[in-house]
Amino acid sequence: MGKDIPKVYDPGQVEDRLYEYWEEQNYFHAEPHADRESYCIVIPPPNVTAVLHMGHAYNNAIQDILIRWRRMQGYEALWMPGTDHAGIATQNVVEKELLKEGKTRHDVGREKFVELAWDWAENRRADIVNQLKKLGSSCDWERERFTFDEGLSDAVTHVFVSLYEKGLVYRDNYIVNWCPRCSTVISDEEVEHETKQGKLWYIRYPLKDSDDYLVVATTRPETMLGDTAVAVSPDDERYQHLVGKTAVLPIVNRELPVIKDAFVDPEFGTGMVKVTPAHDPNDFEMGRRHGLEEIKVIGDDAAMTEAAGPYAGMDRFECRKQLVRDLEEQGYLEKSEDYENRVGHCYRCHTIVEPAISEQWFVKMKPLAEPAIEVVNNGEITFFPEKWVKTYNHWMQNIRDWCISRQLWWGHRIPAYYCESCGTMQVARSQPDTCDECGGTEWTQDENVLDTWFSSWLWPFSTMDWPEQTPELEYFYPTDTLVTAQDIIFFWVARMIMAGLEFMDEIPFKNVYFNGIIRDAQGRKMSKSLGNGIDPLEMVEQYSADAVRYSLIVLSTEGQDINLAEENFEIGRNFSNKLWNSFRFVEMQRKEQAIPHELPDHDRWELADRWIISRLQRVIRQYNAALEKFRIHEAQDTVHKFFWGEFCDWYLELIKARFYGDNEQASEAALSIAVNVLRQTLQLLHPIIPFITEEIWQHLKLEDDPDIMVSRFPESDSALTDEDAESKMALLQDVIVAIRTMRSEMNVPPSKRASVIVNSVKNGRADLLRIHSSYVMNLANLSDFAIESNVDQPESSATAVVREMEIFLPLADLIDLRKEQERLNKEIEDTEGRLQKANAKLSNTDFVEKAPDHVVEKERQKQATYQEELKKLQANYEKISSMDS
RNA sequence: GGGCGAUUAGCUCAGGGGAAGAGCGCUACGCUCACAUCGUAGAGGUCGCUGGUUCAAAUCCAGCAUCGCCCACCA
């Protein structure tokens, strides 16, 4: 009891042990519950490609805070966990593994490859779950799902087929983004644009049957091999005479019509544009408008095709170099200039993507977007912070069709089947029997798989076994809160809203909380290539999960990015240690008796007791209000300040006298209140730092108490707020601090018990000080504390004025007069400054007339106080000065 | 070209119309029987700039500057 509790909190075995215990108790599991309200969060499923990074730790800490808080409030709280099969990312990793053995995926074949990917995914999945557990995440593991598991695959097929039947899924030959390294098409959102220093080449295209030529500008000369027209603006008077004429493409001598199209900006370059329908999205549109030929000159492997004539087989960038050289040699290059442009890169492998025409599957987005815009703007779904609504709206209003097919092996196969004998296509939930057209029975399934986000966007309901109508869906859907980062607002958040409305006819979640991004200490994104990442598991190892969680929340503000340095985790570690030691203190006082949990009778409460209980009520109220608004940092900060700055610094210090005295009743009362406040503080902290709070709770709990994680969350009791106690304590604190400051500044050693005289003018205050003189004596370390109504300043004493009371600290030895003069002088200056401000305000008639009465009244009080204090300070200053002479 | 953030103490950041805050760092003192992963006290900010609204602006509005993100079909 007390003796075997270590001085320094050691989270070592505590965290794993408690997590296992919670799991054994089945505390994480949630079920539809007739007489309880539900609260549900679906996890943003981490990709199975890698270990979790600090961003995950942060994101999941927030989710766990919300879930634990709601669970303790009595909600049936479900945190639905799972992982994402991460199509391209996983395929890339597995291919990389294969490459170590010198093999490509084609060497092992599709079936074997998918098998390998499954193995990989399963291992990673297990690691991720393990990591989430290490962080304390209270997920309902019984319900864990995977975007590629059987149930979710059914949902995906179901959705694809029904969208197809509605005409919202279609197949088209269209210009798309091709990643030559991943050898698949990717969606517009998967292309990252980066500013690159490049060149703008001006190339001469001779006019047919003329010595004249025209000049076009391009950043990608190699695409000219696929040019099928030259375009000018219809408004450009300079070039109207050329429209209808024919230009000749250098090198390959293809004849190109000169056309006019509103897309062309006369201001840019020469005002003439080469048109390459097969390799540029704009040119593609133009080409379709004008019925131009589409000539593919860059192949899927990024090498030039046969159509590129002499350059066939050459890599696209090599071709660019060679072609520019050739043009120059042959006199076709007019000039080139440095040019900064935005180049699209694959978000998975960072290769420069190539726009290319290809037959792909698309989802028509406009009809899905409209209702989804509505629910965010009418407040059915609320974004925190709100600023993201604008971003959301902008994207949604300009939404383009979603390219969902991928030329990968790892993913949901598209449920389209082709009759082997006549080629007829059928989209169906399972392979068709006989072909309607030819009666054939042999079918080949579409080789393509679906974009990984095509399963993610169903996550809020597919995880609850949709399209089956389950009790879970009935009870937990719509879910309550989505916690995610803003970088997937389009990939995921927006699409989930669309899917929810389309398939469930209901929003998927009520609130979206966007957490900030974790950056390094210099504000750079953490990334593998920079090597500036901080591994959360290592930090857990080093500082504990509680410390990691606590520190991250301390550093966070709603939606702002966090700059993180490793030392920052000391914040959480130190806090845990403080908490631990406050418990140790309480534990040491209880001696042999059982822990008192009931508050003592009111008549046994001292001022300090009334004060701390009152403060606690406010803290509980503020904490809950803050979390309601997703102000997580604010909730944390409120408890932090209360626990450290009030409970430890003042309350525990104040009650020590009762423990070290011989009044057993007083000591018992103090102990019960200390335990009571500590226990509620632990509960407030539990969502943030679940382990240490449970650990301490276990030490303090009675037999029939619930464990902290399933205990009832504190509620504020307004009957216990006590303005009187708070203002009285504030006065005593001011007096104590004033004495301490004086002692410190006059070099009175902390160990020396001093004697102090207060010259008070107001009776109420004199009584207050008299009744609570022990507070002052104990906390300012005094041997004598006299409260007088009208005494002169004793010889050689330091003085301070606080709340219109003079405080004298007689200094037995020689007082350093110079130093005391300096002190008083500074005080006088400060007070004068404050008085001046108050005077200025009050002499402003507008202020007196227009400001609210209580503000004016407050200002008057300030003025009076400062005047009074100033008088006393000046008198004392003169006294000291006269001694000096 | 649009949109969004940031700009407050040496550093990292809270706050958000009525007397400038925290943590770290720094200075002084203290191992006083919960805690040196600690305590007590202190030094340190004309709250980016310029205007405006208001009795009152760090806080609201407008413009500007610097930095950083996001979006956009100018080759």
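Just the heavy atoms: all of them, side chains too, but no hydrogens, waters or symmetry mates, feed the values below.
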Taking 4.0 Å as the cut-off, does a side-chain nitrogen or oxygen of [X] come that near to OP1 or OP2 on [N]?
| X | N | value |
| --- | --- | --- |
| Arg631(A) | A14(B) | no |
| Thr557(A) | G15(B) | no |
| Lys641(A) | G15(B) | no |
| Tyr660(A) | A34(B) | yes |
| Lys274(A) | A75(B) | no |
| Lys752(A) | G30(B) | no |
| Asn563(A) | C13(B) | yes |
| Lys837(A) | A20(B) | yes |
| Tyr339(A) | C74(B) | no |
| Asn574(A) | C38(B) | yes |
| Arg740(A) | A41(B) | yes |

Note: Arg220(A)-Asp280(A) ion pair, threshold 4.0 Å (strictly below): yes
Lys819(A) bridged to Glu745(A) by N-O distance under 4.0 Å: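 Not counted as a salt bridge, because no side-chain N and carboxylate O are separated by less than 4.0 Å.
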Pair pattern of RNA chain B in dot-bracket, where unpaired bases get dots and | marks partners in another strand, Watson-Crick or G-U under 3.5 angstrom: (((((((..((((....[..)))).(((((.......))))).....(((((..]....))))))))))))....
Sugar-phosphate only, base, or nothing, as touched by Trp644(A) at under 4.0 Å among non-hydrogen atoms: sugar-phosphate
5' priority, RNA chain B, between Asn581(A) and Val848(A) [closest heavy atom]: Asn581(A)
Between Asn581(A) and Tyr9(A): side-chain donor-acceptor atoms closer than 3.5 Å: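 Looking only at side-chain atoms, Tyr9(A) and Asn581(A) do not form any donor-acceptor pair under 3.5 Å.
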Between C11(B) (C1') and Glu566(A) (CD): distance, integer Å: 18 Å
Distance, rounded to the nearest Å, where Met588(A) contributes CE and C35(B) contributes C1':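 Going from CE in Met588(A) over to C1' in C35(B) covers 10 Å.
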Aromatic contact, Phe643(A) with Phe575(A) (centres under 6.0 Å):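 When the ring centroids of Phe643(A) and Phe575(A) are compared, they turn out to be within the sub-6.0 Å range.
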Where Ile259(A) and Leu292(A) come nearest, the two heavy atoms and their spacing: CD1-CD1, 4.3 Å
Side-chain donor/acceptor of Lys390(A) to base of C4(B), under 3.5 Å: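 Not at all, since no donor on one side and acceptor on the other fall under 3.5 Å apart.
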Phe585(A) side chain reached by Leu652(A) side chain, heavy atoms, under 4.5 Å: yes
